[in-house]
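First listed ligand is number 1; within each ligand, the first listed atom is number 1.
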Amino acid sequence: MDPDELLSVAREAALEGARTAMSWWGGELLVEEKAGPDDLVSQADRDTERVIRSVLARHRPDDGVLGEEDGATTGTGGVRWIVDPVDGTTSYLYGRSDWAVSVAAADAADGRLLAGVVVEPVTGRVTEARAGGGTSADGRPVRRLARRDLSRALVELNLGRPPQRVLAGRVVDALVPRVRDVRRGGSAAAALARVATGRADAVWAPGLQPWDCAAGVLLVQEAGGTTGDLDGPAPGTWPASGDVLAAAGPLWTALREVLAPVWASGPA
Ligand code: IPD
Ligand code: CA
Ligand code: CA
């Protein structure tokens with residue numbers, strides 16, 4: 001498994017996907033609710049995943065793929081691709097800019113992340129990383145994450161799965177007096193790419209699925225940051241709980257101290 005080759009395939013697949021998603025964006029779309037009114041899917045998500053899968057199949061026909069819309073296929077190639085064709089579908093369908101295309105490659109045996117690309121199609125930003133090779137944005141290496149102090153941190157928040165959302169108010173109450181400010185975007189993948197590229201200092205995004213966060217987690221790790229859940233860092237992979245905290249190490253520790261008691265105080 002050559003991580004440079006995997007990154008190049010991930011980049012091609014994500015850029016093809018971004019072109020497809022942009023071609024549907026703002027048009028008339030058939031929209032369905034999946035688990036509920038907060039869980040939407042459209043032809044754009046399905047068509048984008050189809051295009052991404054066809055790029056992967058062309059270059060890596062023996063690999064397995066886990067995609068949000070079409071589920072999992074197993075393979076013999078040693079790599080598992082993890083695909084979210086449109087992360088931030090609600091933003092996408094409202095014509096907002098905060099959505100992303102996310103493609104990651106992981107070792108099929110142990111889940112170790114090997115390569116990842118997040119494209120934010122509306123702004124044209126492409127953030128990518130391969131294991132051990134650092135993170136780059138639009139072709140240039142990013143600076144290592146540096147923000148240490150809680151009081152100067154801009155923190156991206158996601159609200160989590162329905163049972164976790166009852167804690168959202170308590171999370172905001174705990175964070176707002178201690179940090180520079182919070183932001184609630186619509187895409188966990190884009191939020192992680194923002195942290196990796198210094199457009200935010202931290203993300204707290206509970207309740208994620210692997211396709212929401214696999215690529216973004218690698219972007220933060222390869223930019224020198226820490227990712228994991230409130231039980232601790234998960235180097236080389238994403239936390240099995242799906243509750244993702246990402247930031248530079250010292251800030252990660254400070255945020256964990258603030259968030260852990262809040263998270264322990266209610267239903268999860
Ligand atoms: C969602 C986004 C959102 C996160 C949700 C995800 P989708 O993905 O990542 O930021 O808070 O948990 O489901 O459904 O738009 O692909
Ligand atoms: Ca998603
Ligand atoms: Ca999605």
### Exercise: do Thr89 and Asp45 side chains pair donor with acceptor under 3.5 Å
yes
Show me the donor-acceptor pairs, under 3.5 Å and distance only, between side chains in residues 142-154 and residues at least two apart or in other chains.
| unit_1 | atom_1 | unit_2 | atom_2 | d |
| --- | --- | --- | --- | --- |
| Arg147 | NE | Arg152 | O | 3.2 |
| Asp149 | OD2 | Arg152 | NH1 | 2.8 |

#### Entry: Closest approach of any protein heavy atom to atom 14 (O) of ligand 1, naming residue and atom
Glu68 OE2, 3.9 Å
#### Entry: Closest approach of any protein heavy atom to atom 9 (O) of ligand 1, naming residue and atom
Asp87 OD1, 2.6 Å
### Query
Do Gly186 and ligand 1 have an N or O pair less than 3.5 Å apart?
yes
### Task
Assess the pair Trp263 and Trp204: is the distance between their ring centroids shorter than 6.0 Å?
yes
### Message
My understanding is that only one of Asp47, Val86, Thr48, Leu29 makes a side-chain contact (heavy atoms from CB on, under 4.5 Å) with Ser42; could you say which?
### Response
Leu29
### Message
Between Asp98 and Ser187, do the side chains contain a donor N or O and an acceptor N or O under 3.5 Å apart?
### Response
no
## Note on the structure
One finds that the ligand 1 atoms under 4.0 Å from a non-hydrogen atom of Asp84 are 16 (O)
### Query
So which protein heavy atom does atom 7 (P) of ligand 1 come closest to, and at what separation?
Gly88 N, 3.6 Å
### the Ca ion (ligand 2): protein N, O or S atoms that are less than 3.0 Å away, sorted by chain
Asp84 OD2, Asp87 OD1, Asp212 OD1
### Summary
min-distance protein heavy atom vs atom 6 (C) of ligand 1 -> Asp212 OD1, 3.8 Å
### Query
Should Val41 be listed as contacting ligand 1, given a heavy-atom distance under 4.0 Å as the test?
no
### Message
Among all protein heavy atoms in this structure, tell me which lies nearest to atom 4 (C) of ligand 1, with the distance rounded to 0.1 Å.
### Response
Asn158 OD1, 3.2 Å
### Message
With side-chain contact (heavy atoms from CB on, under 4.5 Å) as the criterion, how do Val176 and Val179 come out once you've worked through the C-alpha distance, each side chain's angles and the decisive distance to 0.1 Å?
### Response
CA-CA 6 Å; Val176 166; Val179 301; 5.6 Å; no
### Nearest neighbour in protein (non-hydrogen) for atom 5 (C) of ligand 1
Leu208 CD2, 4.5 Å
### Query
Ala205: heavy atom below 4.0 Å from ligand 1, yes or no?
no
